[in-house]
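Each remark here refers to the structure printed beneath this line.
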Amino acid sequence: MHKRTVIYRGSLKSCNYSCSYCPFAKHKMQPSEGEKDKRNFMRFCDSIESRAEDFAIGAVFVTPYGEASIHHWYWEGLSHLAGLPEIDRVGIQTNLSFSVEECLQIFGTEGRDKLCVWATFHPEMTSMDEFVSKCHKLIQNHVMVCAGAVGVPQKIQLIRELREKLSPAVYLWVNKMDGLKRNYEPNEIEEITEIDPFFKYELEHPNAVPEMCVDRCFVEADGKIHTCNISATKAVNWYDSGKEEIFAPVCRRKRCTCYLAYGGRNDFKPKNVFGSYPVFRIPEKFKAVFFDLDGTLLPAYGRKEAISERETPDGKRLLRGLPDGIRRKLAVLRNTCPIFLATSMPVEEVQRRLKKDMDIFQGGIFASGGYLWLKDGQESKEKIYPIQIGNRLEVTEFAHSAKAKLIIYRKDGIPYKVTMIKSRHCLWEEAECARMEEISADWDYRFFIEGNCMEMVKKGQDKGTGIEELCKWLAIAAEEVLAVGNDSEDAAMERVCGAYIHKV
């Protein structure tokens with residue numbers, strides 16, 4: 001059984017911010033209301049303590065209507081829950097206006113590594129520098145943080161600046177803007193997705209499937225229960241019902257229209273990135289990250305090899321090195337874990353494309369697993385998987401008949417990749433692929449198609465086997481690493497890695 005997540009929303013209906021659109025900014029909390037909210041939350045915490053083991057509860061998340069983090073009882077309650085051995089995560093949604101120092105003092109040192117803070121940036125109420133400083137201060141004290149903002153089209157540049165100032169270790173989410181009264185323009189979606197690679201899920205609104213929500217529930221201050229924050233009220237109460245009744249999925253919604261709804265489903269696709277409790281929006285910590293190059297870190301130019309020194313296949317000047325924004329993010333990311341390349345390109349082409357930016361990476365997988373390289377201080381380790389062409393003449397004749405240029409890539413004189421490149425915009429036909437299957441049936445390499453290139457590497461080698469081998473060199477498990485890619489050849493990384501991000 002999966003461990004369950006319980007989301008709590010108290011009776012609090014006030015906020016210390018005065019955002020014009022928010023009803024909670026207009027209500028000033030009376031002392032009696034505060035006492036009531038405190039009693040309700042402490043009662044809830046007591047119930048979690050008595051039920052955590054029997055109900056298999058692993059996470060508790062406070063998602064208030066107003067701002068809860070400025071009230072000490074929430075930190076006291078969450079600290080107590082974090083001390084329970086059955087609880088893996090506790091968290092709270094906040095505008096980050098609370099005193100970090102006071103929070104840490106109340107929470108104490110025990111259990112901080114279980115605390116998740118979901119921080120929303122309100123640019124009209126606080127400065128970006130203050131917001132970022134608080135995020136980093138929490139992280140320095142072993143608190144997990146995600147940050148985000150509403151995807152207002154006119155504020156995309158501001159959100160981009162926030163992404164630049166935050167550590168790459170902090171996931172910056174962007175919520176769709178309700179009330180936009182129009183669809184996002186394609187260029188707006190593209191710009192936001194560059195900031196938040198999971199933004200597309202905000203726009204999809206999947207059909208509601210109650211059976212995907214058996215491991216969570218949403219509890220109100222008086223004990224009323226919902227499956228999630230937008231689902232119907234159940235006929236049972238948290239304080240006088242059993243676990244089978246409480247977690248029985250009940251939903252009359254047609255679609256899951258917000259993150260707490262779709263992000264808590266068991267079939268949420270990025271769950272492998274966010275771990276067992278994706279509602280917190282906190283990615284798992286990884287011991288290494290592998291990046292595809294062409295189409296992921298660099299624009300895809302179509303032709304993988306033999307691009308002229310000055311031009312792309314479209315006649316545009318081919319820029320050397322990484323884009324400035326990506327370079328800065330990678331430079332900071334490598335301070336948190338080693339980063340590697342995982343590309344179908346031969347190492348010669350990568351070195352030519354990246355120039356000095358090769359120094360950012362601790363090594364990589366090249367030629368889709370045909371060549372591996374690890375840089376460890378002043379020492380280097382490498383492995384070549386040589387390929388033997390069964391009948392060189394037959395391959396040469398095949399390339400000639402297909403009007404393709406034949407290139408053999410070697411490392412230390414050993415051939416490890418063969419590429420046949422057709423003219424610009426010319427694709428490989430099914431009959432040609434079938435002919436190559438016939439020619440190479442008994443040879444020791446596999447071939448695959450990328451655009452106008454037919455690529456050949458040693459049979460049995462791909463980016464997945466390359467990651468497994470490099471992980472052995474690093475003495476880590478492939479399940480502890482993240483991979484980022486964009487095409488079918490990158491599926492091998494998804495096969496072996498603990499998490500995979502498909503870059504749109």
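When ring centroids are compared, Phe340 and Phe361 stay outside the 6.0 Å threshold.
Between the side chains of His226 and Glu220, at least one donor N or O lies within less than 3.5 Å of an accepting N or O. Ser127 and Asp129 share no donor-acceptor pair across their side chains, judged by distance under 3.5 Å alone. Checking Glu67 against Ser69 by side-chain atom types alone, a donor-acceptor pair falls below 3.5 Å.
The two atoms that bring Asn486 and His502 nearest to each other are O-CE1, 3.2 Å, heavy atoms only. The two residues Trp428 and Asn452 make their nearest non-hydrogen contact at NE1-O, 3.1 Å. Of all the heavy atoms in Gly91 and Leu115, the pair that sits closest is CA-CD1, 4.4 Å. In terms of heavy atoms, Ile230 sits closest to Ala261 at CD1-CB, 3.7 Å. Contact record, Cys251 with Ser231: SG-CB, 4.2 Å, taken as the closest heavy-atom pair. Shown here for Asp294 and Pro299, the closest heavy-atom pair between the two residues is OD1-O, 3.1 Å.
Using modelled atom types, no side-chain atom of Thr296 and backbone atom of Leu293 make a donor-acceptor pair closer than 3.5 Å. In this structure, Lys176 contributes its side chain and Gly151 its backbone to no donor-acceptor pair below 3.5 Å. Here the side chain of Lys287 pairs no donor or acceptor atom with the backbone of Val481 at under 3.5 angstrom. Side-chain atoms of Lys463 come within 3.5 Å of backbone N or O of Ala342 as a donor-acceptor pair. Looking only at distances, a side-chain donor or acceptor of His122 sits under 3.5 Å from a matching main-chain atom of Thr120. In terms of modelled atom types and a separation under 3.5 Å, the side chain of His136 and the main chain of Ser167 share a donor-acceptor contact. Remark: side-chain polar atoms of Arg163 are not paired, donor with acceptor, to backbone N or O of Ile195 under 3.5 angstrom. Side-chain atoms of Asn237 come within 3.5 Å of backbone N or O of Asp222 as a donor-acceptor pair. A distance-only check finds no donor-acceptor pair linking the side chain of Ser133 to the backbone of Glu130 [under 3.5 Å]. Listed for the Lys114 side chain is a donor-acceptor partner under 3.5 Å among the backbone atoms of Ile87.
Annotation: cation-pi pair Arg9/Phe218 absent, no NZ/CZ under 6.0 Å from the ring centroid and within 45° of its normal. A cation-pi contact, defined as under 6.0 Å to the ring centre and within 45° of the axis, links Arg43 to Tyr239.
Residue Lys269 qualifies as open at atom NZ: its count of foreign heavy atoms under 6.0 Å is 12 or below. By the 6.0 Å contact criterion, CG on Asn187 is enclosed, its count of non-hydrogen atoms from other residues, nucleotides or ligands being greater than 12. Applying the 6.0 Å contact sphere to CD of Glu204 captures more than 12 heavy atoms from other residues, nucleotides or ligands. No more than 12 heavy atoms of other residues, nucleotides or ligands sit less than 6.0 Å from atom NZ of Lys36. Enclosure of atom CD in Glu185 by more than 12 non-hydrogen atoms of other residues, nucleotides or ligands within 6.0 angstrom is indicated. Counting non-hydrogen atoms of other residues, nucleotides and ligands closer than 6.0 Å to CD of Glu161 gives a total above 12. Within 6.0 Å of atom CD in Glu110, 12 or fewer heavy atoms from other residues, nucleotides or ligands are found, so the atom counts as exposed in its surroundings.
For the pairing with Asp196, the side-chain hydrogen bond (donor to acceptor under 3.5 Å, both in side chains) check across Tyr201, Tyr171, Trp173 returns one residue only, Tyr171. Val174 pairs in a side chain to side chain contact (heavy atoms under 4.5 Å, CB included) with only one of the listed residues (Ile192, Ile156, Leu162), which is Ile192. For the ring pair (Phe, Tyr, Trp, His ring centres under 6.0 Å) criterion with Tyr259, the lone passing option out of Phe198, Phe61, Phe268 is Phe268. Partner of Phe448 under the side chain to side chain contact (heavy atoms under 4.5 Å, CB included) criterion, chosen from Cys433, Ser344, Ser488: Ser344. Cys217 pairs with exactly one of Val250, Thr5, Val6 by the side chain to side chain contact (heavy atoms under 4.5 Å, CB included) rule, that one being Val6.
Arg265 is listed as a side-chain neighbour of Pro206, based on a closest heavy-atom distance under 4.5 Å. Proximity of Thr63 to Asn229: side-chain heavy atoms (C-beta onward) are nowhere separated by under 4.5 Å. Side-chain contact check for Arg51 versus Lys243: every heavy-atom pair is 4.5 Å or farther apart. Side-chain contact between Tyr277 and Asp88: present, with at least one pair of heavy atoms (C-beta onward) separated by less than 4.5 Å. Side-chain contact between Trp118 and Thr94 is absent, with no heavy atoms from C-beta onward closer than 4.5 Å. Annotation: side chain of Glu284 is not in contact with side chain of Ser276 (no heavy-atom distance under 4.5 Å). Taking 4.5 Å as the limit, some side-chain heavy atom of Phe41 sits within range of a side-chain heavy atom of Val62. No side-chain heavy atom of Val60 sits less than 4.5 Å from a side-chain heavy atom of Arg89.
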Run the numbers on Asn266 and Asp215 for side-chain hydrogen bond (donor to acceptor under 3.5 Å, both in side chains), then give the verdict. CA-CA 8 Å; Asn266 288 342; Asp215 294 323; 3.1 Å; yes
Between Tyr262 and Glu202, does a side-chain hydrogen bond (donor to acceptor under 3.5 Å, both in side chains) hold up when you go through it step by step? CA-CA 9 Å; Tyr262 69 77; Glu202 275 288 291; 2.6 Å; yes
Run the side-chain contact (heavy atoms from CB on, under 4.5 Å) check on Met144 and Phe280 step by step: do they pass? CA-CA 9 Å; Met144 293 173 282; Phe280 293 111; over 6 Å; no
Please report the C-alpha distance between Tyr500 and Asp490 in whole Å, then the side-chain angles of each, then the deciding distance to 0.1 Å, and finally whether the side-chain contact (heavy atoms from CB on, under 4.5 Å) criterion is met. CA-CA 9 Å; Tyr500 174 78; Asp490 296 322; 3.3 Å; yes
Between Asp462 and Arg495, is a salt bridge (Lys or Arg N to Asp or Glu O under 4.0 Å) present by the stated rule, with each step listed? CA-CA 11 Å; Asp462 57 29; Arg495 184 189 74 230; 3.0 Å; yes
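Using cut-offs of 30° and 60° for the angle between ring planes, the His71 and Tyr74 rings count as tilted. Using cut-offs of 30° and 60° for the angle between ring planes, the Phe55 and Phe247 rings count as perpendicular.
Taking the charged nitrogens against the carboxylate oxygens, Arg446 and Glu437 have no contact shorter than 4.0 Å, which rules out a salt bridge. Residues Glu191 and Arg160 are paired through a salt bridge, judged by an N-O separation under 4.0 Å between the basic side chain and the carboxylate.
For Glu49, the side-chain hydrogen bond (donor to acceptor under 3.5 Å, both in side chains) partners at least two apart in sequence or on another chain are His80.
Atom SG of Cys497 and atom CD of Glu479 lie 9.0 Å apart (nearest 0.5 Å). Atom-to-atom distance recorded for Thr343:OG1 and Ile365:CD1 is 10.0 Å, nearest 0.5 angstrom. Here the CG atom belonging to Leu166 is positioned 7.5 Å from the CD1 atom belonging to Ile139, to the nearest 0.5 angstrom.
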